[in-house]
Amino acid sequence: MSDASAPAVSNFLREIVARDIAEGKHKVPVTRFPPEPNGYLHIGHAKAMCINFGIAQDFGGHCNLRFDDTNPAKEEQEFIDSIQADVRWLGFDWGKNLFFASDYFETLYQWAEHLIRNGNAYVDDQSAEETRINRGTLTEPGKPSPFRERTVEENLDLFRRMRAGEFPNGARVLRAKIDMAAGNINLRDPVLYRIIHTHHPRTGTTWCIYPNYDFAHGQSDALEHITHSLCSLEYEDHKPLYDWLLAHLPVPSHPRQYEFARLNMTYTLLSKRHLTRLVQGKHVRGWDDPRMPTLAGLRRRGVPPAALVDFVKRVGVARANSVVDIAMFDACVRELLNKTASRYMGVLRPLKVVIENYPEGQVEELDAVNNPEDPSAGGRKVPFSRELYVEQDDFMENPPKKFFRLSPGKEVRLRYAYFVTCKEVVKNDQGEVVELRCTYDPASRGGNSPDGRKVQATLHWVSVAHAKTAEVRLYNPMFNRPDPASAEDPLTELNPASLEVIEAKLEPALESAEVGKAVQFERLGYFTRDPDAGLVFNRTVGLRDTYAKA
RNA sequence: UGGGGGAUCGUCUAACGGUAGGACCGCGGACUCUGACUCCGCUAGUCUAGGUUCGAAUCCUAGUCCCCCAGCCA
């Protein structure tokens with residue numbers, strides 16, 4: 001077991017595995033994480049990984065990484081590479097157990113012939129359109145194909161010629177011969193093989209016929225001696241076919257399929273088709289745009305993998321469809337980052353402050369704590385001088401009752417520095433506040449007044465002369481509605497303000513911030529330096545703000 | 001209306017015939033050199049109607065609502 005101190009996670013899948021082991025069905029579980037390399041992994045895949053790798057780890061088994069690469073029309077090497085990187089980033093290790101469904105193409109082909117020889121499959125010449133019509137409807141049975149009763153010899157000949165490349169795409173398919181009247185439509189002679197004259201990222205042009213999901217998945221599971229094939233709910237209807245194929249083929253093992261509900265989150269779209277549209281339509285900067293729910297996007301936004309794993313653990317596993325509040329995700333990110341992120345000061349929307357009684361040209365290096373949650377994180381020096389920036393939100397000329405921050409005549413603390421009092425407000429021709437004239441109390445150096453007087457607020461600040469200008473990218477929900485997936489077209493629900501780019505002033509230490517490492521801008525949120533050139537930061541998540549809510 | 005699933009605080013999830021519990025959100029309060037964090041407290045739920053039982057979220061019956069399936073996608 002991984003961590004004896006952690007509360008034991010339990011769910012119906014783990015109960016099934018535990019029971020099977022207790023009953024001696026298996027010594028250890030063997031699971032698999034089977035992505036199709038047709039896009040980037042997203043947070044929904046994180047759930048599947050936590051389940052499959054997690055169960056394998058905790059019960060002493062192993063989890064294979066298997067690419068379900070049975071449709072070369074959609075798959076690319078780029079995705080094979082990114083998926084492996086993302087699995088590792090999340091913290092999972094498949095060891096030597098890296099597989100591809102395409103590794104089994106020859107075996108699968110032989111098994112297809114096996115089906116034909118036993119009269120369990122036939123080559124169908126109907127067009128896709130005819131096949132669809134003859135499949136029947138949800139309430140009416142299908143009609144048998146006119147080619148359903150071909151002889152074994154003819155089927156074998158045709159299937160071999162399909163393999164040999166004699167026919168164009170769509171000319172013929174291989175279908176299992178099951179039951180055209182079945183209530184479960186997956187059993188109405190499902191297609192097993194189709195002709196696709198396309199380059200495959202791994203097998204090149206070796207093949208022009210490809211098994212589809214149903215013919216590849218269960219058999220791949222069997223070949224890898226998977227004990228528990230864990231998939232999402234929509235495959236429930238495929239299980240009878242999964243079992244039928246295993247029962248009619250000389251497979252080395254008979255895995256069992258179990259289904260769980262996939263992850264959904266408010267304001268989040270997880271359909272690969274739509275994510276692909278977002279990328280291709282340039283609505284985002286790419287698969288790793290920090291607004292994307294992809295692992296690459298979350299990583300770039302600064303979300304630590306451990307927060308993702310924690311989130312999946314908290315969400316749990318069940319068989320009921322559900323939509324998790326994105327607030328739960330944010331909470332996981334904040335909880336982890338609060339413990340680990342170093343604190344800095346940065347001003348997002350600068351308002352200049354001049355300390356009138358502070359000597360011109362003087363600079364003091366003041367002591368700041370890096371992380372109050374972690375003494376081992378140490379401290380640093382922050383330069384203070386006569387001219388500073390504070391946050392525009394931290395000043396109000398006519399403050400309401402509960403406004404603790406700066407206003408005319410009010411004294412506040414500048415963090416780690418001094419108490420200052422606002423004496424005068426400078427405005428431009430438009431009447432906008434452009435500068436504050438303040439005085440400071442030299443006795444309050446470091447942030448406390450010897451006379452013990454208190455202030456209601458502590459403000460973050462940056463010295464004008466020492467400030468580093470940075471581009472800061474603020475991310476807001478990508479969609480206007482919490483359930484973008486149920487919109488006619490989710491892309492019409494895009495939030496135009498999902499990305500806000502501002503020019504911020506940061507304390508000098510931030511200039512050497514590491515790309516990808518999360519930091520806290522005090523009182524604002526968690527930020528991570530972006531890999532883009534220059535000083536660029538992404539907001540990972542804001543701090544809770546109980547004042548703004550009130 | 002065929003087949004397959006599912007309904008527990010606002011949200012996610014426990015309970016396996018025996019006190020409906022936790023987390024997130026929300027709301028109070030304490031603390032605070034981050035209106036953060038932390039701590040304390042509060043709010044709030046078994047889809048409906050019957051039945052079995054000493055006792056039902058759990059078992060039975062009948063409903064209601066929701067999701068998935070008619071790709072040569074996975």
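All values below come from the heavy atoms of this structure, side chains included, with hydrogens, waters and symmetry mates left out. To find a chain, count down the sequence lines: A is the first, B the second, and so on, and within it residues start at 1.
R415(A) has no side-chain polar atom (N or O) that falls below the 4.0 Å cut-off from OP1 or OP2 of rU32(B). OP1 or OP2 of rU34(B) has not a single side-chain nitrogen or oxygen of R343(A) nearer than 4.0 Å. The side chain of S322(A) contributes no N or O atom lying less than 4.0 Å from OP1 or OP2 of rU11(B). Residue R319(A) places at least one side-chain N or O under 4.0 Å from the OP1 or OP2 atom of rG6(B). In this model, the phosphate group of rA36(B) is approached by a side-chain N or O of T546(A) to a distance below 4.0 Å at OP1 or OP2.
Atom CD1 in I326(A) sits about 13 Å away from atom C1' in rC12(B), given to the nearest Å.
Across all strands shown, Q520(A) has heavy atoms under 4.0 Å from base atoms, whether or not it also approaches the sugar-phosphate. Within the 4.0 angstrom heavy-atom criterion, base atoms lie near E15(A). Counting any heavy atom pair closer than 4.0 Å across all strands shown, V369(A) reaches no nucleic acid atom. When heavy atoms are screened at a 4.0 angstrom cut-off, P141(A) is found touching no nucleic acid atom at all. Within the 4.0 angstrom heavy-atom criterion, base atoms lie near R413(A). If you check every strand for non-hydrogen atoms under 4.0 Å, V455(A) touches nothing.
Side-chain atoms of I80(A) and F100(A), non-hydrogen and from C-beta on, do get closer than 4.5 Å to each other. For the pair P72(A)/H199(A), no side-chain contact is recorded, criterion being any heavy-atom separation below 4.5 Å from C-beta on.
Look at R314(A) and D310(A) and you find a salt bridge, because one of the NZ, NE, NH1 or NH2 atoms lies within 4.0 Å of a carboxylate O, short of that distance. Using a 4.0 Å cut-off between charged side-chain N and carboxylate O, R523(A) and D545(A) make no salt bridge.
Syn is the classification of rG71(B), since its glycosidic angle stays within 90° of 0.
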query: When every nucleotide of nucleotides 68-74 of chain B is labelled 5' to 3' by its protein contacts under 4.0 Å (heavy atoms), B for base, S for sugar-phosphate only, - for none, what sequence of letters results?
result: BBBSBSB
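Because its NZ or CZ atom is not both nearer than 6.0 Å to the ring centre of F419(A) and within 45° of the ring axis, R413(A) does not count as a cation-pi partner of that residue.
Remark: R380(A) CZ is packed, more than 12 non-hydrogen atoms of other residues, nucleotides or ligands lying under 6.0 Å away.
Atom OG of S342(A) and atom CG of N371(A) lie 6.0 Å apart (nearest 0.5 Å).
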